[in-house]
Peer 1: 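What follows is a structure written as structure tokens; I'll ask about it next.
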There are 2 protein chains.
Amino acid sequence: MALRYALLGLLAEQPASGYELAKAFEGDLGRYAWQAGHNRIYPELARLVDEGLVERAEEGARGRRVHTLTAAGLEELRAWLRQPWEGSTVRNEGVLRLFLLSALDPGDARKILHEVAARCEEELAPLREIVSGETPISPEGRLELGWLAAGYGLRQYEASRDWAVWALGELDKVDRGG
Amino acid sequence: MALRYALLGLLAEQPASGYELAKAFEGDLGRYAWQAGHNRIYPELARLVDEGLVERAEEGARGRRVHTLTAAGLEELRAWLRQPWEGSTVRNEGVLRLFLLSALDPGDARKILHEVAARCEEELAPLREIVSGETPISPEGRLELGWLAAGYGLRQYEASRDWAVWALGELDKVDRGG
DNA sequence: AGAGTCATGTAACTCGTTACATGATTTC
DNA sequence: GAAATCATGTAACGAGTTACATGACTCT
């Protein structure tokens, strides 16, 4: 179901072709929230068109077909967003790896935690730059998805870095204790 | 592939039945990292046994079968953890919703952001309690998965709460601007 | 002319969820 | 004796990935 709403949400920002939607998932959206390839997007778009949530323009150059959100589509998206959201599933292989790290011997675990902290620090710089700039407001007076995502990513990476540093400290306690 | 390593990781902590592994996914592991039901776990366990990564004891009370990690299984898990991890996919419906929030009108968006901040705050209290207690070290001198997860969750919820508060501030800017 | 990118699609497969199905032990 | 929990499995379906396949336009 999530892909469906991700597509509606992207089209709420601006009309787009399937190809462009696939590109959007390669950015911040795919990084923190949801991913999908073109092969999954095209069939789902067709379904949304069938249901009248999305309108498909005629083929343009190179067979490009621009999709636009309909009023019904916007309402469907909004109804989903307003609905209370409990029990949503999380799948994050990176976090899984972090949790299982103590299966390594302390030396290896320590090395990886240092790498994690360093990588987070690298990711932070460009995000800081984006977020410290001016707030981008769309013509319709809405915040851009990419801006919201950058703000989220910034705090997310800071949290992960802090966790790695904390975990290193806890590992030291284990060493002193044993 | 991730489920495979999640199971190996759980069994690295302690031997368990399929039922117990399924329970483990209902805790912090399933909350932040990966989820699976018993129906997916049993077939995967059978495969791990076939490959010699896990050993299965005879049936005990109520048909319970305890699974233990073999030396080969531990090595498989460690090899995966040591390997550089790029491009791991993230799927988080909650974060997706946050990003799409600007499709709502500002009043609704603001209401939901307040709810998000409040819920994060609720989740923080019990995590703070866990993390501020003593560091639990297993007999083999390893940190407990639940402890690592609690520390991660703590920083995660703080980050999400801070993001929601920031997003509220940005929404105010939009209002003043338009 | 050839490489790269834009652009759309299908087929086979893997992974995960919901629903179905069964039986043993414990607790009240 | 009934209800709850422990414990294991299968079947059908839905969601997502990899690989396959094609063609138009642009830039050098």
Side-chain angles (χ1 to χ4, degrees), chain A residues 1-8 10-11 14-27 29-31 33-51 54-68 80 86-93 96, chain B residues 1-8 10-11 15-27 29-31 33-51 54 56-68 80 86-93 96:
Chain A
M1 279 293 93
L3 173 60
R4 182 189 179 80
Y5 297 105
L7 293 176
L8 293 176
L10 286 168
L11 292 177
Q14 54 183 308
S17 66
Y19 186 85
E20 287 165 335
L21 291 169
K23 288 278 166 195
F25 281 102
E26 288 171 19
L29 189 68
R31 200 163 167 188
W34 209 266
Q35 279 173 301
H38 74 273
N39 34 31
R40 187 87 196 87
I41 290 169
Y42 288 118
E44 189 66 36
L45 269 179
R47 246 173 78 185
L48 292 171
V49 171
D50 282 347
E51 295 179 38
V54 164
E55 252 170 23
R56 173 146 57 183
E58 287 308 294
E59 288 193 8
R62 299 184 194 185
R64 180 167 186 261
R65 298 170 123 192
V66 180
H67 294 75
T68 314
W80 182 69
E86 326 238 321
S88 73
T89 71
V90 173
R91 257 166 237 294
N92 192 326
E93 199 176 300
L96 177 62
Chain B
M1 279 292 92
L3 173 60
R4 184 188 177 81
Y5 297 106
L7 293 175
L8 293 176
L10 285 169
L11 293 176
S17 66
Y19 186 86
E20 287 166 334
L21 291 168
K23 288 277 166 197
F25 281 101
E26 288 171 20
L29 189 68
R31 202 161 165 190
W34 209 266
Q35 278 174 301
H38 73 274
N39 33 30
R40 186 87 197 87
I41 290 169
Y42 288 117
E44 189 65 37
L45 269 179
R47 246 174 78 186
L48 291 170
V49 170
D50 282 347
E51 295 178 38
V54 164
R56 174 147 56 186
E58 288 308 294
E59 289 193 8
R62 301 184 194 184
R64 179 166 186 262
R65 298 170 122 192
V66 179
H67 294 75
T68 315
W80 181 69
E86 326 239 321
S88 72
T89 71
V90 172
R91 258 166 236 293
N92 192 326
E93 199 175 301
L96 177 63

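Because the structure is a prediction, the values reported are computed rather than measured. Each chain gets a letter, A, B and so on, in the order the sequences are listed, and its residues count up from 1.
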Peer 1: Can you give me the bend angle of the helix from C:dA1-D:dT28 to C:dC28-D:dG1? Use the axis through the first five pairs and the one through the last five, nearest 10 degrees.
Peer 2: 30°

Peer 1: Kindly determine whether B:V90 and A:V90 satisfy side chain to side chain contact (heavy atoms under 4.5 Å, CB included), including the steps that lead there.
Peer 2: CA-CA 8 Å; B:V90 172; A:V90 173; over 6 Å; no

Peer 1: Can you measure from NE2 (A:H38) to OH (A:Y19) and round to the nearest 0.5 angstrom?
Peer 2: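 If we round to the nearest 0.5 Å, A:H38:NE2 and A:Y19:OH are 10.0 Å apart.
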
Peer 1: Would you mind reporting whether A:L7 and A:L48 have side-chain heavy atoms less than 4.5 Å apart?
Peer 2: yes

Peer 1: Going by an N to O cut-off under 4.0 Å, is there a salt bridge joining B:R4 and B:E51?
Peer 2: yes

Peer 1: Answer yes when B:R64 and B:E20 have at least one side-chain N-carboxylate O distance shorter than 4.0 Å, and no when they do not.
Peer 2: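 A salt bridge links B:R64 with B:E20.
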
Peer 1: Is any side-chain heavy atom of A:V66 closer than 4.5 Å to a side-chain heavy atom of A:E58?
Peer 2: no

Peer 1: Looking only at side-chain N and O atoms, does A:Y19 come under 4.0 Å of OP1 or OP2 in C:dC6?
Peer 2: yes

Peer 1: Could you check whether any side-chain heavy atom of B:L21 comes within less than 4.5 Å of a side-chain heavy atom of B:L29, counting everything from C-beta outward?
Peer 2: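 No. Closest side-chain heavy atoms not under 4.5 Å.
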
Peer 1: Going through the distances and angles, do B:L3 and B:R40 end up as a side chain to side chain contact (heavy atoms under 4.5 Å, CB included)?
Peer 2: CA-CA 9 Å; B:L3 173 60; B:R40 186 87 197 87; 3.5 Å; yes

Peer 1: Using OP1 and OP2 only, check whether a side-chain N or O of A:S17 sits under 4.0 Å from C:dC6.
Peer 2: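 So the side-chain polar atoms of A:S17 never come under 4.0 Å of the phosphate oxygens OP1 or OP2 of C:dC6.
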
Peer 1: Counting only heavy atoms not in A:E55 (residues, nucleotides, ligands), do more than 12 fall under 6.0 Å from its CD?
Peer 2: no

Peer 1: How far does CD of B:E59 sit from OG of B:S17, to the nearest 0.5 angstrom?
Peer 2: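 Output value for this atom pair is 12.0 Å.
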
Peer 1: To the nearest angstrom, how far is B:K23 atom NZ from D:dC6 atom C1'?
Peer 2: 8 Å

Peer 1: Just to confirm, is there a sub-4.0 Å distance from OP1 or OP2 of D:dA7 to any side-chain nitrogen or oxygen of B:R64?
Peer 2: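 Answer yes for this pair, as a side-chain N or O of B:R64 is under 4.0 Å from OP1 or OP2.
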
Peer 1: Rounding to a whole Å, what distance do you find between A:E20:CD and C:dT5:P?
Peer 2: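 Nearest whole value for this atom pair: 16 Å.
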
Peer 1: Could you go over nucleotides 24-28 of chain D and give all protein N or O partners under 3.5 Å, atom names and distances?
Peer 2:
{"residue": "D:dC25", "atom": "O4'", "partner": "A:R62", "partner atom": "NE", "Å": "3.2"}

Peer 1: Which letter, B, S or -, goes with each nucleotide of nucleotides 9-18 of chain D from 5' to 3', with contact meaning a protein heavy atom under 4.0 Å?
Peer 2: BB----SBBB

Peer 1: Would you compute the distance between atom CG of A:L96 and atom OH of B:Y5 and round it to the nearest 0.5 angstrom?
Peer 2: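 Spacing of CG (A:L96) from OH (B:Y5) equals 11.0 Å.
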
